[in-house]
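Quick note on labels: first sequence line is chain A, next is B, and so on, each numbered from 1.
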Protein chains: 2
Amino acid sequence: MGNNLYHADCPAIETLALIGGRWKVIILHVLSKHARRFGEINVRIPSISRKVLTEQLRELEADGLINRKQYKEHPQKVEYALTDFGKSLCPLLAYISAWKKNVEGNSSQDIIQLPD
Amino acid sequence: MGNNLYHADCPAIETLALIGGRWKVIILHVLSKHARRFGEINVRIPSISRKVLTEQLRELEADGLINRKQYKEHPQKVEYALTDFGKSLCPLLAYISAWKKNVEGNSSQDIIQLPD
DNA sequence: AAAAGTGGTAACCTTAAAGTAACTTATGGG
DNA sequence: CCCATAAGTTACTTTAAGGTTACCACTTTT
């Protein structure tokens with residue numbers, strides 16, 4: 001189980017390891033607009049459980065895509081925001097979306113236009 | 001379990017469903033150079049079992065990314081090739097790779113250059 | 001003092017993907 | 001007629017991701 005040599009140096013696969021999680025793209029999408037509190041994220045993605053949301057956030061944090069700020073306040077307040085590294089993913093996600101939309105619109109195999 | 005409303009219309013996630021499989025990016029990468037026989041693919045990706053390779057190829061075929069041509073020959077010969085639809089993914093994969101490489105090279109958050 | 005809001009954690013369960021190993025089918029060559 | 005080769009398939013097990021439910025810690029409001 002340790003000999004995925006092919007995996008080790010394939011940048012595309014390393015990238016997918018960062019964003020391939022079941023909910024990560026959605027979470028990144030939510031955070032791309034504003035920094036958000038835990039509960040705000042959860043409201044926007046109701047079908048994710050708090051446990052899994054926590055896990056995904058921890059992984060995104062460990063991978064340096066988001067950071068977590070804890071405020072000492074009345075009821076607890078924790079805010080998640082994209083790091084610069086995380087922001088650098090946004091055009092990539094846009095590109096991935098754009099490909100799918102292109103494919104749906106045209107019959108196939110057309111040239112993909114990058115969104116701006 | 002059926003109410004992933006958020007999933008349903010997120011193009012990025014739909015795209016990841018096509019290429020997010022454990023081995024799909026690697027397989028597409030192998031096929032991007034030549035059409036390849038089953039055994040040739042397996043030699044290039046030794047750590048994938050024949051069972052899983054078959055499954056992944058069937059899924060890629062069902063999604064219209066590759067096609068399978070069976071030749072009536074001496075020992076069996078089956079060849080897999082990218083469809084035009086599959087080829088339209090190549091720039092996307094290149095972009096994904098390029099992002100990772102950019103990130104490794106520079107300290108972070110730089111503008112990503114599309115490969116040509 | 002009790003309740004309520006926020007952001008969790010712990011213990012446990014389910015399921016889907018992946019892996020292993022042995023068997024199968026079709027074909028041509030010797 | 002038997003064997004080798006290519007391309008699988010079948011049956012079974014393992015693993016990892018995700019899900020459910022219940023509980024905890026801290027603070028403020030009533």
Rounded to whole Å, please give me the gap between [atom1] in [X] and [atom2] in [N].
{"X": "A:I19", "N": "D:dA17", "atom1": "CD1", "atom2": "C1'", "value": "18 Å"}
{"X": "B:K69", "N": "D:dA7", "atom1": "NZ", "atom2": "P", "value": "15 Å"}
{"X": "A:F38", "N": "C:dG5", "atom1": "CZ", "atom2": "C1'", "value": "14 Å"}
{"X": "A:Y71", "N": "C:dG7", "atom1": "OH", "atom2": "P", "value": "12 Å"}
{"X": "B:K51", "N": "C:dG19", "atom1": "NZ", "atom2": "P", "value": "8 Å"}
{"X": "B:I48", "N": "D:dA7", "atom1": "CD1", "atom2": "C1'", "value": "14 Å"}
{"X": "A:L53", "N": "D:dG19", "atom1": "CG", "atom2": "C1'", "value": "13 Å"}
{"X": "B:N42", "N": "C:dG19", "atom1": "CG", "atom2": "C1'", "value": "13 Å"}

**Prompt:** Counting only side-chain N and O atoms of A:R37, is one of them less than 4.0 Å from OP1 or OP2 of C:dG7?
**Reply:** yes
**Message:** Within the 4.0 Å heavy-atom criterion, would you say A:K77 contacts the bases, only the backbone, or no part of the nucleic acid?
**Reply:** sugar-phosphate
**Prompt:** Just checking B:Y80: base, sugar-phosphate only, or nothing, at a heavy-atom cut-off of under 4.0 Å?
**Reply:** sugar-phosphate
**Request:** Side chain of A:W23 only, please: which of D:dG19, D:dG8, C:dG7 is the nearest?
**Result:** D:dG19
**Item:** Most 5' of A:G20 and B:V78 on DNA chain D, judged by nearest nucleotide
**Value:** B:V78
**Asked** Taking only residues two or more places apart in sequence, or in another chain, which ones meet A:K51 in a salt bridge (charged side-chain N to carboxylate O under 4.0 Å, His left out)?
**Response**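 With neighbours one apart ignored, the set is A:E55.
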**Message:** Quick check on side-chain contact (heavy atoms from CB on, under 4.5 Å): which of A:I26, A:L53, A:I48 does A:I41 satisfy it with?
**Reply:** A:L53
**Residue that, paired with B:T83, satisfies side-chain contact (heavy atoms from CB on, under 4.5 Å) out of B:L60, B:D63, B:N67** = B:N67
**For DNA chain C, the residues among residues 54-66 of chain A that have a non-hydrogen atom under 4.0 Å from it** =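 Contacts with DNA chain C under 4.0 Å: A:T54, A:R58.
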**Prompt:** Which nucleotides of nucleotides 23-30 of chain D have their base under 4.0 Å from a protein heavy atom (B), which only their sugar-phosphate (S), and which neither (-), written as one string 5' to 3'?
**Reply:** B---SS--
**Message:** Can you list everything that forms a side chain to side chain donor-acceptor pair (under 3.5 Å) with A:K24? Sequence neighbours excluded, please.
**Reply:** A:E59
**Message:** So, using side chain to side chain donor-acceptor pair (under 3.5 Å) as the criterion, who are the partners of B:R68 when residues are at least two apart?
**Reply:**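 Listed in chain order: B:Q70, B:Y80.
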**Prompt:** For residues A:S88 and B:W99, is any side-chain donor paired with an opposing acceptor at under 3.5 Å?
**Reply:** yes
**Request:** Kindly indicate whether the side chain of B:F85, heavy atoms from C-beta on, has any atom under 4.5 Å from the side chain of A:V103.
**Result:** yes
**Request:** With rounding to the nearest 0.5 Å, note down the distance linking CG in B:L89 to CG in B:L82.
**Result:**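 If we round to the nearest 0.5 Å, B:L89:CG and B:L82:CG are 8.5 Å apart.
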**Request:** Determine which pairs satisfy salt bridge (Lys or Arg N to Asp or Glu O under 4.0 Å) with at least one residue from residues 71-83 of chain B, sequence neighbours left out, and list them in order.
**Result:** none
